[in-house]
A.B. asks: 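Pasting a structure here, questions to come.
Residues take their numbers from the sequence shown, with the count starting at 1.
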Amino acid sequence: MKNKKRRRSKLGGSRINPKRFSAGQIKFYLILLPLAVFMIIPVVFIINQAFKPLGELYAFPPTIFAKNPTLDNFKDLFALSGNTGVPMSRYLLNSLIVTLLTVVLNIVITITAAYAFSKKKFKGNKSLFGLNQLALMFVPTAVAVPRYIVIVRMGMINTWWAHILPLVAMPVGLFLVKQFVDQIPDALIEAAVMDGAKDFTIIRKVIIPLTKPAIATSVVLTFQQVWNAVEASNNFITDDSMRTLAFYLGSIGTNNGVAAQGMVAAASAITFLPSLVIFVCMQSQVMNTMSHSGIK
């Protein structure tokens, strides 16, 4: 009995993940804290750039923190949008509408397609999923011309669909969600069918609850791609009132030169912060996706 107690005490004293702080964790903090500081510096730099006056933006060597923070960059940015005839609020509204609709449609398509590829047996299943894997090889530039032809032939120039259609399918998201659906036992699906559940009921009550980490990751990836997309505004939209915030903010530095670098810094912060907030809110689910993807 004494030997067992000693063994338990030894095991308890050398836990891999102790609930409370222990001296054995110090060596990990010595490694992780410098890495965390190194990783957070670009985020702090981007945010501080937006509040720097023009003199600090061109200072050498560059500084991370703003010595004389100012809101002039944001004031100039909003004033410039008012002079162009289309207020910045319109660009922001367009981006919100396009991003929301694209993310919702993408998640619906991704979940239903992952369920069909994983749990349904039909002719061409592997071939169609192979096309999805093949799509991962192509960068957007390689398919720009086919996209333009499709948008023109379908009469979608200067419409919301010109923004949404090219980005509504996310091959990476489908791949991740399918890997999670593959891990759901077939017996669970068969039990739901025996209880009278239809496909959409199975997706809503079985598939979605068990694949939340992969769905959250797909939401983050889709949001980042759509929020920062300028292809549609450049190629498919000629009406300024239909263009997005990313296009407007990206055109500021090009059209206004050196004097607009303060506005460019403010624009970069505005573009970056929503993606950061989305990732922070869903980081636990994203980490679960990365950890489960290698476990079978």
A.B. asks: Taking K52's backbone N and O only, do any of them form a donor-acceptor pair with N73's side chain (distance below 3.5 Å, no angle check)?
C.D. replies: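 Checking the backbone N and O of K52 against the side chain of N73, a donor-acceptor pair under 3.5 Å is found.
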A.B. asks: Apply side-chain contact (heavy atoms from CB on, under 4.5 Å) to the pair K178 and Y115, showing each step before the final yes or no.
C.D. replies: CA-CA 7 Å; K178 182 183 178 298; Y115 171 68; over 6 Å; no
A.B. asks: Closest approach of P171 and A135, non-hydrogen atoms and distance?
C.D. replies: CG-CB, 3.9 Å
A.B. asks: Which pairs, with at least one residue in residues 121-160 and sequence neighbours excluded, count as a ring-ring contact (aromatic ring centres under 6.0 Å, His included)?
C.D. replies: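 Applying ring-ring contact (aromatic ring centres under 6.0 Å, His included) to every pair that reaches into residues 121-160, excluding sequence neighbours, yields F117-F129.
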A.B. asks: Walk me through it: do M154 and W161 pass the test side-chain contact (heavy atoms from CB on, under 4.5 Å)?
C.D. replies: CA-CA 10 Å; M154 298 182 69; W161 287 110; over 6 Å; no
A.B. asks: Rounded to the nearest 0.5 Å, how far does NZ of K126 lie from CD of Q133?
C.D. replies: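 The CD atom of Q133 sits 13.5 Å away from the NZ atom of K126.
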A.B. asks: Measure the spacing between CG of N48 and CG of L57 and express it to the nearest 0.5 Å.
C.D. replies: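 Between N48 CG and L57 CG, I get 11.0 Å after rounding to 0.5 Å.
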A.B. asks: Do you know which two heavy atoms are closest between A232 and H163, and how far apart they sit?
C.D. replies: CB-ND1, 3.4 Å
A.B. asks: With D72, which residues qualify under salt bridge (charged side-chain N to carboxylate O under 4.0 Å, His left out), at least two apart?
C.D. replies: none
A.B. asks: Just verifying a value: how many Å separate L174 CG and N106 CG, rounded to the nearest 0.5 Å?
C.D. replies: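 So the gap between those two atoms works out to 9.5 Å.
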A.B. asks: Identify which one of L96, L249, L245 satisfies the side-chain contact (heavy atoms from CB on, under 4.5 Å) criterion when paired with Y91.
C.D. replies: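 Only match with Y91 under side-chain contact (heavy atoms from CB on, under 4.5 Å): L245.
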A.B. asks: Do T238 and N158 have a side chain donor and acceptor closer than 3.5 Å?
C.D. replies: yes
A.B. asks: Which heavy atom of P166 sits nearest a heavy atom of A162, and at what distance?
C.D. replies: CD-O, 3.3 Å
A.B. asks: Between T211 and I111, is the side-chain contact (heavy atoms from CB on, under 4.5 Å) condition met? List the steps.
C.D. replies: CA-CA 9 Å; T211 58; I111 295 173; 5.6 Å; no
A.B. asks: Consider only side-chain heavy atoms of I, L, V, M, F, W and Y, link residues closer than 4.5 Å, and tell whether L188 and V181 are in one cluster.
C.D. replies: yes
A.B. asks: Any side-chain to backbone donor/acceptor pair from R243 onto I237? Under 3.5 Å, distance only.
C.D. replies: yes
A.B. asks: Has the side chain of T159 got a donor or acceptor atom that lies under 3.5 Å from a matching backbone atom of M156?
C.D. replies: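 Judged by distance alone, yes, a pair lies under 3.5 Å.
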A.B. asks: Is the backbone of A214 close enough, under 3.5 Å, to the side chain of S218 for a donor and an acceptor to pair up by distance?
C.D. replies: no
A.B. asks: So, using side-chain contact (heavy atoms from CB on, under 4.5 Å) as the criterion, who are the partners of F272 when residues are at least two apart?
C.D. replies: V43, I46, L276
A.B. asks: Side-chain contact, heavy-atom cut-off 4.5 Å: K119 with I202?
C.D. replies: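 Counting from C-beta outward, K119 and I202 never come under 4.5 Å.
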A.B. asks: Distance check, rounded to the nearest 0.5 Å: T222 atom OG1 versus I278 atom CD1?
C.D. replies: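 Between atom OG1 of T222 and atom CD1 of I278 there are 11.0 Å.
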A.B. asks: Please give me the minimum heavy-atom distance between K212 and P209, naming the atom from each residue.
C.D. replies: CG-O, 3.8 Å
A.B. asks: Give a yes or no on whether the backbone of A197 and the side-chain of D195 come within a donor-acceptor separation of less than 3.5 Å.
C.D. replies: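 Answer holds: no.
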A.B. asks: Once rounded to the nearest 0.5 Å, what's the spacing between atom CD of Q224 and atom OG of S275?
C.D. replies: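 Here the interatomic distance stands at 5.0 Å.
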A.B. asks: Of all heavy-atom pairs between E56 and N68, which one has the smallest distance, and what is that distance?
C.D. replies: OE2-N, 2.9 Å
A.B. asks: With no hydrogens and no angle check, do the side chains of T244 and N94 hold a donor and an acceptor under 3.5 Å apart?
C.D. replies: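 Checked: T244/N94 side chains show no N/O donor-acceptor pair below 3.5 Å.
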A.B. asks: Report yes or no: does N234 contribute a side-chain atom to a donor-acceptor pair with the main-chain N or O of V230 at less than 3.5 Å?
C.D. replies: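 Side chain of N234 to backbone of V230: a pair is present.
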A.B. asks: Is the gap between the ring centers of F51 and F74 under 6.0 Å?
C.D. replies: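 Under 6.0 Å, so yes.
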A.B. asks: Are L131 and F175 connected, step by step, through hydrophobic side chains (Ile, Leu, Val, Met, Phe, Trp, Tyr) whose heavy atoms are closer than 4.5 Å?
C.D. replies: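 Linked within one cluster.
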A.B. asks: Is the shortest side-chain N to carboxylate O distance from K120 to D199 below 4.0 Å?
C.D. replies: yes
A.B. asks: Do L71 and M263 sit in one hydrophobic cluster, given that two such residues count as connected whenever their side-chain heavy atoms are within less than 4.5 Å of each other, even indirectly?
C.D. replies: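 Same cluster.
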A.B. asks: If hydrophobic clusters are built from ILVMFWY residues whose side chains come within less than 4.5 Å, do V168 and L221 share one?
C.D. replies: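 They do not share one cluster, since no chain of ILVMFWY contacts under 4.5 Å joins V168 to L221.
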A.B. asks: Roughly how far, to the nearest 0.5 Å, is CG of L77 from CD1 of I270?
C.D. replies: 5.0 Å
A.B. asks: When you compare the side chain of P87 with that of F78, does any pair of heavy atoms fall below 4.5 Å?
C.D. replies: no
A.B. asks: Testing the basics here: between T102 and V226, what is the closest heavy-atom pair and its distance to 0.1 Å?
C.D. replies: CG2-CG2, 3.5 Å
A.B. asks: When you measure from the side chain of T112 to the backbone of I109, do you find a donor-acceptor pair of N or O atoms at a distance under 3.5 Å?
C.D. replies: yes
A.B. asks: When clusters are formed by joining ILVMFWY residues with side-chain heavy atoms under 4.5 Å apart, either directly or through shared neighbours, do W227 and I164 land in the same one?
C.D. replies: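 W227 does not cluster with I164.
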